[in-house]
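The first residue in the sequence is number 1, and the count goes up from there. Hydrogens, waters and symmetry mates play no part in the numbers below; they use all other heavy atoms, side chains included.
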Amino acid sequence: METAGKGVSVNKEALVQVAEEVRRATGLPVGWRDVERTLGALRATRDLWEAVRLSRVPLRFLVPIWEGLARRGLLRVEEGLDLLAEVPAPRPGEAACPACEGRGLVGERLPGRAAERFLAWAKERPEAIQDFDQGYVTPESTLARVALAWNWGDLEGKEVLVLGDDDLTGLAAALTGLPKRVVVLDADPRIVRFLERAAKAEGLPLEAHVHDLREPLPEAWVHAFHTFFTDPVEGPLGLQAFVGRGLLALEGEGCAGYVGLTHVEASLAKWADFQRFLLENGAVITELRDGFHVYENWGYIEQMRAWPWLPVKRRPEKPWYTSALIRLELLRRADLENARVEGDLQDEEATTY
């Protein structure tokens with residue numbers, strides 16, 4: 001099937017051409033399927049933020065792809081993104097279970113009235129601020145993340161480490177009454193103080209420390225934990241600082257980590273590099289649930305890096321930023337270098353900081 005917009009055929013050859021143009025202009029690993037997914041999302045919605053969510057393509061790729069489609073007369077940008085022709089790109093399906101939002105489990109079943117108590121505390125949490133590149137997931141996402149760890153036996157009697165915790169995962173895990181100890185490391189003193197207050201009020205085995213993950217882990221935390229959680233900064237150095245520290249903190253074989261990874265700021269080429277990094281350090285992926293985490297809209301969206309590039313300057317009306325949840329398990333102890341991470345934790349695919 002071929003469809004024309006100003007005389008341009010929309011077939012695989014045209015998709016390859018757009019991808020090559022963007023790749024030459026940006027140096028980013030854009031593929032023809034990225035262009036196809038972009039078109040498919042535009043068949044489903046004219047809302048920019050919904051198109052980002054549905055495309056599963058990095059926002060850094062989407063902007064020049066949209067520009068390339070507009071130059072070909074296939075896309076008009078006004079109050080929204082309007083396709084000007086029928087295109088042979090598959091429309092993304094929306095068949096997720098409405099009860100669990102596609103996660104396959106619900107946090108309400110956690111023991112110890114954890115969900116009820118967590119939801120009460122979450123209403124008092126510190127707001128996300130740009131200084132720490134924060135954006136937190138919905139309470140339901142946090143509870144479901146903890147529920148998955150419970151399903152795998154990664155909570156009960158375990159020493160748990162959370163690296164960066166504006167999602168309050170450490171609090172949710174501690175409220176189940178299952179872990180032996182929960183330790184949270186975060187660079188934001190507001191979050192640390194909030195967690196300390198909650199732990200004292202609830203009598204939880206939860207401790208929180210101000211710690212910049214660019215700095216080495218104190219020796220007391222190296223090979224000292226059974227489970228870690230983190231939502232890393234997704235540049236190569238960010239993954240090293242967050243996931244690398246998590247692997248280093250694990251005791252050894254059979255220990256597990258839970259990592260969030262997006263499509264908005266991570267290309268499939270970056271996903272491949274991440275998977276190689278895990279394998280090189282003795283870790284294997286045992287679960288990957290796409291779109292598991294749904295982020296609340298943050299208040300500084302007009303100040304984020306991508307805002308000036310967007311063809312439609314309109315704040316999102318509903319959540320649009322999501323990430324996958326990846327569970328990994330160690331086959332052997334990971335012996336990474338415990339040195340300071342030098343350089344920018346972000347990379348060229350980053351758009352929301």
K.L.:
Using only atom types and a distance under 3.5 Å, with no angle test, would you say the side chain of Asn338 pairs donor to acceptor with the backbone of Leu217?
P.N.:
yes

K.L.:
For the residue pair Glu265 / Tyr353, report whether a side-chain donor-acceptor contact shorter than 3.5 Å exists.
P.N.:
no

K.L.:
Is it the case that atom CZ in Arg332 sees more than 12 heavy atoms from other parts of the structure closer than 6.0 Å?
P.N.:
yes

K.L.:
Anything under 30° is parallel, anything over 60° is perpendicular, the rest tilted; go ahead and classify Phe194 against Trp121.
P.N.:
perpendicular

K.L.:
Quick check against the 3.5 Å criterion: does Thr176 have a side-chain atom that pairs as donor or acceptor with the backbone of Ala173?
P.N.:
yes

K.L.:
Tell me yes or no: between the side chains of Thr286 and Arg327, is some donor less than 3.5 Å from an acceptor?
P.N.:
yes

K.L.:
If you measure from CD on Glu296 to NZ on Lys318, what distance do you get to the nearest 0.5 Å?
P.N.:
14.5 Å

K.L.:
With a 3.5 Å distance limit and no angle check, can you tell me whether Arg314 reaches the backbone of Asp47 through a side-chain donor-acceptor pair?
P.N.:
no

K.L.:
Is there side-chain contact between Val160 and Lys180, with heavy atoms separated by less than 4.5 Å?
P.N.:
no

K.L.:
Test side chain to side chain contact (heavy atoms under 4.5 Å, CB included) on Val162 and Asp186; report intermediate values, then the result.
P.N.:
CA-CA 8 Å; Val162 184; Asp186 200 285; over 6 Å; no

K.L.:
For the backbone of Val30 and the side chain of Arg23, can you confirm whether one donor and one acceptor N or O come within less than 3.5 Å of each other?
P.N.:
yes

K.L.:
How far does CZ of Arg37 sit from CZ of Phe61, to the nearest 0.5 angstrom?
P.N.:
10.5 Å

K.L.:
In Å and rounded to the nearest 0.5 Å, what is the CZ to NE2 distance from Arg245 to His211?
P.N.:
6.5 Å

K.L.:
With the side chain counted from C-beta on, respond yes when Trp49 and Glu317 share a heavy-atom pair under 4.5 Å apart, and no when they do not.
P.N.:
no

K.L.:
Side chain of His226, backbone of Glu159: donor and acceptor closer than 3.5 Å?
P.N.:
yes

K.L.:
Would you mind reporting whether Trp152 and Thr227 have side-chain heavy atoms less than 4.5 Å apart?
P.N.:
no

K.L.:
I'd like to know if Tyr258 and Leu279 are part of one continuous hydrophobic network [Ile/Leu/Val/Met/Phe/Trp/Tyr, side-chain heavy atoms within less than 4.5 Å].
P.N.:
no

K.L.:
Is there a side chain to side chain contact (heavy atoms under 4.5 Å, CB included) between Tyr321 and Thr352? Walk through the geometry before answering.
P.N.:
CA-CA 10 Å; Tyr321 192 93; Thr352 59; 3.7 Å; yes

K.L.:
Leu331 and Leu336: same hydrophobic cluster, using ILVMFWY side-chain contacts below 4.5 Å?
P.N.:
no

K.L.:
Can His263 and Asp290 be said to form a side chain to side chain donor-acceptor pair (under 3.5 Å), step by step?
P.N.:
CA-CA 9 Å; His263 294 295; Asp290 200 35; 3.0 Å; yes

K.L.:
For side chain to side chain donor-acceptor pair (under 3.5 Å), just list the numbers for Ser141 and Arg103, CA-CA rounded to whole Å, side-chain angles, deciding distance to a tenth of an Å, and then say yes or no.
P.N.:
CA-CA 9 Å; Ser141 298; Arg103 298 185 184 97; 2.8 Å; yes

K.L.:
Determine yes or no for a side-chain-to-main-chain donor-acceptor pair under 3.5 angstrom, with Asn281 supplying the side chain and Leu278 the backbone.
P.N.:
no

K.L.:
Tell me if the CZ atom of Arg214 is crowded by more than 12 foreign heavy atoms within 6.0 Å.
P.N.:
no

K.L.:
Report yes if some heavy atom in the side chain of Leu161 is under 4.5 Å from a heavy atom in the side chain of Leu185; otherwise report no.
P.N.:
yes

K.L.:
Roughly how far, to the nearest 0.5 Å, is CD of Glu94 from CG of Leu54?
P.N.:
5.0 Å

K.L.:
Please name the pair of heavy atoms, one in Ala266 and one in Leu261, separated by the smallest distance, quoted to 0.1 Å.
P.N.:
CB-CD1, 4.3 Å

K.L.:
Do you reckon Leu39 sits in the same ILVMFWY cluster as Trp66, going by side-chain contacts under 4.5 Å, direct or chained?
P.N.:
yes

K.L.:
Is the backbone N or O of Ala96 less than 3.5 Å from a side-chain atom of Glu101, with the two atoms forming a donor-acceptor pair by type?
P.N.:
no

K.L.:
May I ask you to test the Leu148-Leu105 pair for a side-chain heavy-atom distance under 4.5 Å?
P.N.:
yes

K.L.:
Would you indicate whether Glu202, at its atom CD, is surrounded by more than 12 heavy atoms from other residues, nucleotides or ligands within a distance under 6.0 Å?
P.N.:
yes

K.L.:
Looking at CZ of Arg43 and CZ of Arg91, how far apart are the two atoms once the value is rounded to the nearest 0.5 Å?
P.N.:
4.5 Å

K.L.:
Could you grab the distance from atom NZ of Lys270 to atom CD of Glu348, nearest 0.5 Å is fine?
P.N.:
10.0 Å

K.L.:
Is it the case that the side chain of His223 and the backbone of Leu248 share a donor-acceptor pair, with hydrogens and angles ignored and the cut-off at 3.5 Å?
P.N.:
yes

K.L.:
Please tell me if the side chains of Glu234 and Gln346 come closer than 4.5 Å, counting only heavy atoms from C-beta onward.
P.N.:
no

K.L.:
Hey, does Tyr136 have a side-chain heavy atom less than 4.5 Å from the side chain of Asp231?
P.N.:
no

K.L.:
Measure the shortest side-chain to side-chain distance between Asn11 and Pro88 over non-hydrogen atoms and say whether it is less than 4.5 angstrom.
P.N.:
no

K.L.:
If Ile, Leu, Val, Met, Phe, Trp and Tyr residues are connected whenever their side-chain heavy atoms lie under 4.5 Å apart, and connections chain through other members, are Phe242 and Phe229 in the same group?
P.N.:
no

K.L.:
I'd like to know if the side chain of Arg117 and the backbone of Leu175 have a donor-acceptor N/O pair within less than 3.5 Å.
P.N.:
yes

K.L.:
In this structure, is the centre-to-centre distance between the rings of Trp320 and Tyr295 below 6.0 Å?
P.N.:
no

K.L.:
Donor-acceptor pair, distance only, cut-off 3.5 Å: does the side chain of Thr142 make one with the backbone of Asp167?
P.N.:
yes

K.L.:
Glu207 vs Val182, test: side chain to side chain contact (heavy atoms under 4.5 Å, CB included). Steps then yes/no.
P.N.:
CA-CA 6 Å; Glu207 58 188 79; Val182 178; over 6 Å; no

